[in-house]
Amino acid sequence: MRLCIGGIVEPGTTLANKTGGWRSFKPEYHYERCTKCGLCELLCPESCVARGDEGYYEIDYDYCKGCGICAHECPTGTIEMVLEVK
Amino acid sequence: MSELKAELKVVEGSYAVAHAVKTCHPDVIAAYPITPQTHIAENLSQFNADGELGNCEYITVESEFSALSTLIGASATGARTYASTASQGLALMHEALFNAAGMRLPIVMTVANRALSAPLSIWNDQQDSIAQRDVGWIQLYAEDPQEAADMTPQAYKISEDRDVMTPAMICFDGFILTHVYEPVALLEEELTDEFLPPFNPEHILDPKNPETFGAFADPSIYTEFRYMQELGMREALKKIDPVAEEFREIYGRYYGGLLDEYRLDDAEIVLVAMGSIIGTIKDVIDEVRRDGIKAGLLKIRSFRPFPLDAVRKALKNAGIIVTLDKNISIGKCEGALCTEIKAALYNTRLDTPVVGYMLGHGGRDVPPEIIKKIINKATRSMKDGLTIESSYADLKEEFV
Amino acid sequence: MNQRSPKTQPLFAPGHRGCAGCCNAMAVKFILRAIGSDCIVATPTGCTEVFSTPYPESAWNVPWIHSLFDNIAAVSSGIESALKALGREGETKVVTIAGDGATVDIGLQALSGAFERGHNITYICIDNEAYMNTGVQRSSGTPYAASTTTSPPGKRSIGNPLGKKNVPEIMVAHGSPYVATTSVAYPKDVMRKVKKAVETRGPTYVHIQAPCTTGWGFDTHLTVEIGKLAVKTGLWPLLEITNGEITGVHRIRKKLPVEEYLRRQRRYRHLFTTPEGEEVIRELQEIADRNAEHYELEL
């Protein structure tokens, strides 16, 4: 790696740092209860929830740290935090 | 050495500098008043009021710290930037000085050299800029208003060079040079346009290419970033001489590059100094030479980067070296030039004695008699083979 | 799963080193979502800076600069001035995103200067109410009685002895055309106010309360819940002040007792275990009641 003068960095490069390994609990969707409201996507501090093909939301486990905000705030109880099995 | 072509005009030193800045077309100027720099800021402000600075944003900030911080933001956005300051103001910038250098932002700043408090003193010495020796800025010292003005486009050219990208301070003695009225060839805008290309940095803050500036470095890479600053300085070292030559070609004036020499060829006693005392020293050298004393002068123009090889070469035939410092490292009782020159001679085969004198602190006048006295002492010391440790040349011992 | 490339990813990318449940990461996400990509962001030293930009990585997909801890408003002034001087002003927003230490303490002078000069910038303070990056020391944004590592409770201490500095009011006093307070627990409120701030010409200020899981001491899933309690108890009123006049107040349906907010956080635990605590809770209730009365918070 050649250093850039002044420590300038390319944008969005933290993608190289997969933070999924930090997780002890894992959010899992029970889509039958989901109203596709998108609150989980909005609140996620990792920006790792995205709207999938059918409008349901999906989590990128490469980055999810398992904070549990999505599950706790979900108005319909769609998301369940389960113990991470490694 | 200078061969003035242009028409001379009697102006104040600060005006000459402000006028030179104007011809460099800075995009952003940050100004905060501090004596004895204030007239530069005032003159630029009048140019701005009269619409002579083009699109330049002239910002009257609330402190010197914010002055430099503002320029950090502006320079990173691609603007050519300028500030002037002195003394306490420069000290207040300390943290931001490191930052600007580390971020490789080629800000140019004039320092109207002044003593530091306490006790409060508004008068000249060079403690302020010398105290900033290690911040990573290029430091150039001018002998007179003309040189300070002429150094301005040169400083931009050196600093903004893609291989250098290092900020520069142009130091010139407060009051002695900032407030003196003397004939100066004001820089012609067309010549500066010919000499100085527009600022065109490789990286800028721009939504079209959203780069990150100012990331933090862990121990695995911090040293390398610091070393890259050293490499930038080495490039500056290579460029200061040729830029001075280019300046001579276009404007017809020359003061030396990294350093300048005066009657040095056959000199046994070599005085080393920076700034406005150069003029006095040259007069004294002419005088003592009439009495058969072979004295000469080495003028340091670039203190950072320090021209180690050029200094060694210039001093190789000296019988004794005398450094004159308008600053002191308290606890070492030695000025910065003294320390640098001693260090430069080490690891060479030379064991030329170096005598350090500090003088002219807090605005104390440096009359020719003091320089003469110093030369006489050095002559005796050279003959007797006695060592003289660094000391004040103008201390009033009866007061302490 | 959607493929992530630097081109299509969010403006604040995953992979940053913020704690799980990080309030700052949430705030930054909401801010950038409101502003879009045509902006330049300046951030001082602090949690957000450190967890988002360890060389050679950056979470930022907008142009971003960090200079020092204490100068970010001045740096932002310089960016705005440079854009003007270079004729690149256009629609590009200059936005400062700073923590409370950098805003209400060490950078306050630079902030005052930038607002007094009237630069067209939006300064956003993400206030997690202490110096979290250095290990939870009190700032002048730390509320009364909160325990921090430099305001610990003890035989002669009930926690932070001083009240929270009201910096939004200070910015109003600077003549700012738009000042707002909001909370990460109300993302739509944050986004609306940030959008309004960047669309208002002149120096605008948004102060976002951000409950910090690590510094305040609550489980990572509670960031939003704790933030809502601060608002619902009246301890953190959500306001908009336009040209010096209060033009927006987030009303509370039923004001909750402050105990419900305090009890959930480790930083106030000592109030429930010491005899002096009861009195302090009463004092904190009075603060909430005064807020409710002053800003007419209750519906």
Side-chain angles (χ1 to χ4, degrees), chain B residues 25-30 32 53-81 83 93 95-96 98-100 102-103 105 107 198-199 203-218 220-222 224-225, chain C residues 6 11 36-45 49-88 90-94 96 107 109-117 119 121:
Chain B
H25 307 302
D27 299 303
V28 177
I29 296 172
Y32 189 81
L53 294 182
N55 280 339
C56 179
E57 287 290 311
Y58 182 92
I59 313 173
T60 51
V61 287
E62 83 293 342
S63 72
E64 289 91 350
F65 178 66
S66 277
L68 185 52
S69 299
T70 299
L71 298 190
I72 286 170
S75 185
T77 312
R80 177 171 288 163
T81 54
M93 287 180 180
E95 187 193 16
F98 273 97
N99 190 249
M103 292 181 82
L105 301 172
I107 297 161
F199 179 38
H203 300 275
I204 56 168
L205 290 168
D206 183 0
K208 288 192 215 79
N209 180 26
E211 291 179 311
T212 284
F213 283 60
F216 82 89
D218 70 21
S220 70
I221 44 168
Y222 180 82
E224 287 65 33
F225 278 117
Chain C
L11 294 175
S37 58
D38 194 3
C39 63
I40 296 175
V41 175
T43 299
T45 312
E49 171 260 326
V50 168
F51 77 63
S52 66
T53 63
Y55 191 93
E57 291 177 17
S58 169
W60 301 85
N61 270 308
V62 294
W64 180 90
I65 184 170
H66 158 251
S67 168
L68 297 167
F69 195 10
D70 37 1
N71 70 348
I72 205 63
V75 171
S76 306
S77 303
I79 296 167
E80 184 251 13
S81 300
L83 289 177
K84 249 196 240 172
L86 297 168
R88 281 170 40 205
E91 294 299 305
T92 303
K93 314 289 186 196
V94 179
T96 317
Q109 177 183 315
L111 176 58
S112 173
F115 271 56
E116 178 267 331
R117 293 190 297 273
H119 291 279
I121 59 173

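Each chain gets a letter, A, B and so on, in the order its sequence line appears, and its residues count up from 1. Remember, it's a predicted structure, so these values are computed and weren't measured experimentally.
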Pairs of heavy atoms under 4.5 Å with chain C: top-ranked of B:Ser69, B:Ala79, B:Gly102: B:Ser69
Closest heavy-atom pair and its distance - C:Trp64, B:Gly214: CZ3-O, 4.2 Å
Separation between CD of C:Glu80 and NE2 of C:His119, rounded to the nearest 0.5 Å: 6.0 Å
B:Ile59, part contacting chain C, at a heavy-atom distance under 4.5 Å: side chain
Part of B:Glu95 lying under 4.5 Å from any heavy atom of chain C: both
Distance, nearest 0.5 Å, that separates CE of B:Met103 from NE2 of C:His66: 8.0 Å
Options B:Pro207, B:Ser220, B:Ala30, B:Ala217, ranked by heavy-atom pairs under 4.5 Å with chain C, top entry: B:Pro207
Interatomic spacing from NZ in C:Lys93 to CD1 in C:Ile121 - rounded to 0.5 Å: 13.5 Å
Contact class of C:Ala42 relative to chain B, heavy atoms under 4.5 angstrom: neither
Separation between OG1 of B:Thr60 and CD1 of B:Ile29, rounded to the nearest 0.5 Å: 12.0 Å
Heavy-atom proximity to chain C below 4.5 Å, by part of B:Phe216: both
Closest-packed option against chain B by number of heavy-atom pairs under 4.5 Å, given C:Ala114, C:Ala110, C:Ala59, C:Ser77: C:Ala110
Between B:Asn209, B:Asp206, B:Asp218, B:Ile221, the one whose heavy-atom pairs under 4.5 Å with chain C are most numerous: B:Asp206
Distance in Å, B:Leu105 CG paired with B:His203 NE2, rounded so as to fall on 0.5 Å steps: 11.5 Å
Approximate separation, where rounding is to 0.5 Å, of C:Lys84 NZ and B:Thr77 OG1: 13.0 Å
Chain C contact via B:Leu68 - side chain, backbone, both or neither, heavy atoms under 4.5 Å: neither
Proximity breakdown for B:Phe225 and chain C, heavy-atom pairs closer than 4.5 Å: side chain
Worked check of side-chain hydrogen bond (donor to acceptor under 3.5 Å, both in side chains) between C:Ser76 and C:Thr96: CA-CA 7 Å; C:Ser76 306; C:Thr96 317; 2.8 Å; yes
Partner chain B: residue of C:Asn71, C:Leu68, C:Val62 with the largest heavy-atom pair count (under 4.5 Å): C:Leu68
Part of B:Ala100 lying under 4.5 Å from any heavy atom of chain C: neither
Part of C:Val50 lying under 4.5 Å from any heavy atom of chain B: both
Heavy-atom check, side chain of B:Glu62 versus side chain of C:Ser112, under 4.5 Å: no
Residue, of C:Pro54, C:Ser37, C:Cys39, C:Gly87, that accumulates the most heavy atom pairs under 4.5 Å with chain B: C:Pro54
Portion of C:Ser81 that has a non-hydrogen atom of chain B nearer than 4.5 angstrom: both
Any side-chain donor near an acceptor of the partner, C:Thr53 and C:Trp60, under 3.5 Å: no
Which of B:Val28, B:Asn55, B:Asp27, B:Leu205 touches chain C most, by non-hydrogen pairs under 4.5 Å: B:Leu205
